[in-house]
Amino acid sequence: MWNSWSSQHDSRLEQRRICGLLNKLNVTNFDSVATKLIERLTNCRRRGGVETIEAFADSIALRAIEDTQRSSLYAYLCRRIDRELEMEDRRWTWLNDGTRQSSHPSFTSILVDACESRFTQALDERAAHLFPLVEFMGDLLLDGVLPIADVQDLVQQLFTLAEQGQEGSAIALSRFCRRVAREQDGAYILEQLGASGSIERVLEEDIITPKARYLLMAVVDLFHQELVDVFDSAELRNKIYNLDNDEQEVSSELDSTAPTDVSDSLPLKTTTCELEDQAEVSKLDTERAEAEAFVPP
């Protein structure tokens, strides 16, 4: 009996079609576009077109890096796709004797490989891609797409580099932890990753920069839910930690990276971590100014 698994598969043509659908993706048409993408990827799965799914996973990781406004949307899309392809595997990989045959890598494992590849490249060549990539990985963790164990090694690499005084890795850890901590399950995820203890070890090092120390201390405050300010003004704090200049450099590097073939604009779903770095710094000063301006009746 003929089945679609044995039909020839034009991977390049299919990749162009999938790319065209991704270009149209936004909040308004998410359900319809996601359904079409799942349909095409399911057909690729049946035909054995693993290379098309691998290309799709890598494209999603790259788009999340270069189109940060849709990072959370891309993560949710991955969640939908992972569920549907897992169901597809369950339908088609059972043998006659009731045992299960694992003939294809899971979408999760393919996505992990894509993120690991982009992570290694960001560490070696494109440091500006590291910050949005770890935020995307945080979204994937929160959506249950990536297992905690599969992210453990990558996070530990950042902690090791941060202990060696690499400021970019410390900033990436700050972005990752804040991204995860904003959701209800975030505390559990960070606990499983050993984030609190690892950050404490980084803070014990004398070679880390003042800015790295300040941002990681802000993450520690998230675990304890209390903020302590010892500065008289935001100007003094920014000068000591060199926050203004460095944050402008980070923002300009990210802003200069153009999105790849994404035609629709999407409202920002959450406040970006670039702005949060400055918000962390100025929040206490605003509260102090309000307190000083208050006149008792």
Side-chain angles (χ1 to χ4, degrees), residues 22 25-27 30-31 34 37-38 56-86 106-116 118-119 122 129-159 169 171-199 215-216 218-225 254 266-277 279-280:
L22 279 175
L25 184 69
N26 58 41
V27 172
F30 177 83
D31 287 333
L37 283 169
I38 290 169
F56 169 79
D58 184 67
S59 176
I60 281 288
L62 180 59
R63 286 168 183 265
I65 291 171
E66 297 186 337
D67 186 12
T68 56
Q69 290 186 341
R70 304 191 204 193
S71 177
S72 297
L73 192 67
Y74 290 137
Y76 187 67
L77 174 64
C78 289
R79 178 184 178 183
R80 287 273 303 269
I81 291 171
D82 183 52
R83 287 181 177 180
E84 293 297 328
L85 292 186
E86 176 64 20
S106 67
F107 178 71
T108 293
S109 66
I110 292 174
L111 188 59
V112 168
D113 289 343
C115 288
E116 287 181 347
R118 291 289 174 184
F119 182 87
H129 284 187
L130 184 60
F131 305 147
L133 177 60
V134 296
E135 290 172 2
F136 177 58
M137 290 166 56
D139 288 333
L140 292 173
L141 278 171
L142 292 170
D143 284 334
V145 181
L146 295 186
I148 295 175
D150 289 340
V151 181
Q152 184 86 48
D153 289 344
L154 303 184
V155 174
Q156 287 305 314
Q157 285 187 54
L158 290 178
F159 279 120
S169 296
I171 296 174
L173 284 170
S174 171
R175 299 277 183 91
F176 173 80
C177 290
R178 292 210 309 273
R179 188 75 157 211
V180 174
R182 64 179 54 167
E183 298 294 337
Q184 185 174 0
D185 297 335
Y188 171 78
I189 293 174
L190 293 177
E191 180 183 351
Q192 294 299 304
L193 290 171
S196 179
S198 297
I199 289 176
L215 292 177
L216 290 179
V219 174
V220 173
D221 289 335
L222 288 177
F223 297 133
H224 300 290
Q225 294 300 313
L254 295 177
L266 180 68
L268 190 60
K269 185 176 180 180
T270 56
T271 304
T272 61
C273 282
E274 295 97 294
L275 296 178
E276 286 183 354
D277 285 344
E280 287 281 355

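Heavy-atom basis, side chains included; hydrogens, waters and symmetry copies ignored.
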- prompt: With a 4.5 Å limit on heavy-atom distance, are the side chains of E66 and H129 in contact?
  reply: yes
message: My understanding is that only residues two or more places apart in sequence, or in another chain, count here; which of them pass side-chain contact (heavy atoms from CB on, under 4.5 Å) with Q192?
response: I148, Y188
task: To the nearest 0.5 Å, tell me how far Q69 CD sits from N26 CG.
output: 12.0 Å
query: For E183, what residues pass the side-chain contact (heavy atoms from CB on, under 4.5 Å) criterion, not counting sequence neighbours?
result: L142
- request: Kindly give the heavy-atom pair with the smallest separation between V180 and G138, and that separation in Å.
  value: CG2-CA, 3.8 Å
message: Once side-chain contact (heavy atoms from CB on, under 4.5 Å) is applied, do any residues pair with A64, and if so which ones, sequence neighbours excluded?
response: S71, Y74, F136
message: Side chains of L77 and L22, heavy atoms from C-beta outward: is any pair under 4.5 Å?
response: yes
- prompt: Say you draw a straight line from CZ of F159 to CG of L193; how long is it, rounded to the nearest 0.5 Å?
  reply: 8.0 Å
task: Name all residues meeting the salt bridge (Lys or Arg N to Asp or Glu O under 4.0 Å) criterion together with R80; count only those two or more places apart in sequence or in a different chain, and write none if there are none.
output: D31
- prompt: Going through the distances and angles, do F119 and L130 end up as a side-chain contact (heavy atoms from CB on, under 4.5 Å)?
  reply: CA-CA 7 Å; F119 182 87; L130 184 60; 3.8 Å; yes
message: Tell me every residue that passes side-chain hydrogen bond (donor to acceptor under 3.5 Å, both in side chains) with D58, counting only those two or more places apart in sequence or in another chain.
response: R118
query: In Å, rounded to the nearest 0.5 Å, how long is the span from CG of L25 to CG of L37?
result: 7.0 Å
query: Of all residues at least two apart in sequence or in a different chain, which pass the side-chain hydrogen bond (donor to acceptor under 3.5 Å, both in side chains) check with D143?
result: none
- request: For F131 and F176, run ring-ring contact (aromatic ring centres under 6.0 Å, His included): C-alpha distance rounded to whole Å, both residues' side-chain angles, the deciding distance at 0.1 Å, then the answer.
  value: CA-CA 8 Å; F131 305 147; F176 173 80; over 10 Å; no
message: Closer than 3.5 angstrom, by distance alone: can the side chain of E86 be matched with the main-chain N or O of S106 as a donor-acceptor pair?
response: no
- prompt: Rounded to the nearest 0.5 Å, what separation is found between the CG atom of D150 and the CG atom of L140?
  reply: 11.5 Å
task: May I have the step-by-step check of side-chain contact (heavy atoms from CB on, under 4.5 Å) for S72 and R179, ending in yes or no?
output: CA-CA 10 Å; S72 297; R179 188 75 157 211; 3.7 Å; yes
statement: Minimal heavy-atom distance between S169 and L158, with the atoms involved, is CB-O, 3.6 Å
message: Using side-chain heavy atoms (C-beta onward) and a distance below 4.5 Å, is V155 in contact with L173?
response: yes
message: If I compare all heavy atoms of G194 with all of S198, which pair ends up nearest, and what's the gap?
response: O-OG, 2.9 Å
message: Once rounded to the nearest 0.5 Å, what's the spacing between atom CZ of R79 and atom CD of E84?
response: 12.0 Å
- prompt: Once you round to the nearest 0.5 Å, how far does CG of L141 lie from CG of D185?
  reply: 11.0 Å
- prompt: Do L190 and C177 come close enough that some side-chain heavy atom pair is under 4.5 Å?
  reply: yes
query: Do you know which two heavy atoms are closest between T68 and I65, and how far apart they sit?
result: CG2-O, 3.5 Å
